[in-house]
Amino acid sequence: MKRQSKLFLQNSLKAENKKQSNTLLVLLSFLMVLSFNLGFAQEEEMGDDYKPFSIGAHLKNMHTWHGFVVHQGVVIATNIEYNSRNEKFTFGFWGGASFSGADIVSNTGENVSALYKEFSIYTKYRVSDKFFIEAVSHNNYTGVEERGDKLHYWRYDKTQGYNFVDVNFGYNITPNTLLYLATIVGGGSGDYEVEADGSLTDSWTHYFEVSSKVWKNKDSSLSLFAGGAWSFITDKTFYTEEAGNIINVGATFNKQISIKNYNLPVDVTVMWNPEKEKTVLQLDITLF
């Protein structure tokens with residue numbers, strides 16, 4: 001009887017995961033199509049100075065995100081994006097890859113090295129100069145194949161471990177101060193709590209951050225930030241193990257370094273995560 005109950009629970013979980021994956025794919029596709037339609041509909045006749053597409057590249061000594069050290073080695077991050085003529089709508093792809101591997105445990109129990117690999121999709125709509133809405137599909141598939149798992153890029157199951165969607169809102173209460181709220185939808189990539197009966201409850205984790213530029217001169221600036229995570233449904237969150245907590249506190253110093261006629265923006269961020277008891281110093285060089 002226990003075995004039958006366990007099989008029923010597993011089958012129910014698989015069916016629920018498949019349903020949520022399909023729902024997220026439909027939602028993401030709808031947002032993409034809607035955003036493109038809004039962007040193109042609001043464009044005027046293109047002029048010579050309008051550049052709808054752009055690319056960028058960053059060289060970083062590590063990659064951090066919302067208080068997490070995603071990868072502790074050197075990373076190259078690139079993006080390609082479309083921006084509407086009125087600069088209200090953005091749609092793009094962001095990718096990250098490391099130069100060195102990190103140790104992970106394979107399905108056979110052996111330690112293997114895996115390079116950091118991420119390919120994410122984002123769209124953003126600026127409702128006004130102060131307020132924007134954003135959706136990001138995070139797809140970090142580092143170590144999936146190295147562990148011995150099969151890579152399913154478009155799968156958003158709870159337990160498969162590398163895809164989830166953030167829906168974000170940002171509001172500038174002053175030109176230099178931003179309030180930012182991000183909510184994980186669908187309970188993907190571990191954003192859930194395991195109940196006593198083995199069932200999974202989505203956390204729908206929220207992350208809130210306040211950042212403010214507190215000093216600036218001709219070619220430099222200093223910004224401070226603080227962020228925390230919580231869930232209204234579960235004790236555990238995507239970012240914390242037991243309860244909501246402050247997870248991201250620090251400062252970023254930006255300097256524009258001039259090399260002949262070329263400006264090279266350089267950011268140095270000191271980040272402290274009280275939840276993980278971790279402090280790091282990140283270097284981020286904008287190549288173009």
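Remark: the backbone N or O of Arg147 is not paired with any side-chain donor or acceptor of Ser106 at under 3.5 angstrom. Using a distance-only test at 3.5 Å, with no hydrogens or angles considered, no donor-acceptor pair links the side chain of Thr237 to the main chain of Gly244.
By the neighbour-count criterion of 12 heavy atoms within 6.0 Å, atom CG of Asp129 is sparsely surrounded, having that number or fewer from other residues, nucleotides or ligands. The number of heavy atoms from other shown groups lying within 6.0 Å of NZ (Lys216) does not exceed 12.
Phe225 CZ to Ser211 OG: the interatomic distance, rounded to the nearest 0.5 Å, is 9.0 Å.
In summary, the side chains of Asn263 and Gln256 do not present any donor paired with an acceptor at a separation below 3.5 Å, with no hydrogens or angles considered. Using modelled atom types and a 3.5 Å distance limit, the side chains of Ser189 and Tyr156 yield no donor-acceptor pair.
The only option from Thr64, Thr269, Asn273 that meets the side chain to side chain contact (heavy atoms under 4.5 Å, CB included) definition with Val280 turns out to be Thr64.
Aromatic rings of Tyr125 and Phe132 (six-membered ring for Trp) have centroids beyond the 6.0 Å cut-off, not under it. Taking the six-membered ring for Trp and the full ring otherwise, the centers of Phe93 and Phe91 sit less than 6.0 Å from each other.
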Inset, instruction - Could you check Tyr192 against Phe238 for ring-ring contact (aromatic ring centres under 6.0 Å, His included), going step by step and ending with a plain yes or no? - result: CA-CA 7 Å; Tyr192 57 82; Phe238 181 81; over 10 Å; no

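Between Arg126 and Glu134 no salt bridge is recorded (no basic side-chain N to carboxylate O distance below 4.0 Å). A salt bridge does not link Lys158 with Asp191: every distance from a Lys NZ or Arg NE/NH1/NH2 to an Asp or Glu carboxylate oxygen is 4.0 Å or more.
Cation-pi check for Arg85 over Tyr50 is met; the charged atom lies under 6.0 angstrom from the ring centroid and within 45 degrees of its normal.
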For residues 175-183, please give each side-chain donor-acceptor pair under 3.5 Å, one per line with the distance, not counting sequence neighbours.
from, atom 1, to, atom 2, distance (Å)
Thr177, OG1, Thr174, OG1, 3.1
Thr177, OG1, Ser212, OG, 2.9
Tyr180, OH, Asn168, ND2, 3.1
Thr183, OG1, His206, ND1, 2.8

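No side-chain heavy atom of Asn83 sits under 4.5 Å from any side-chain heavy atom of Phe89.
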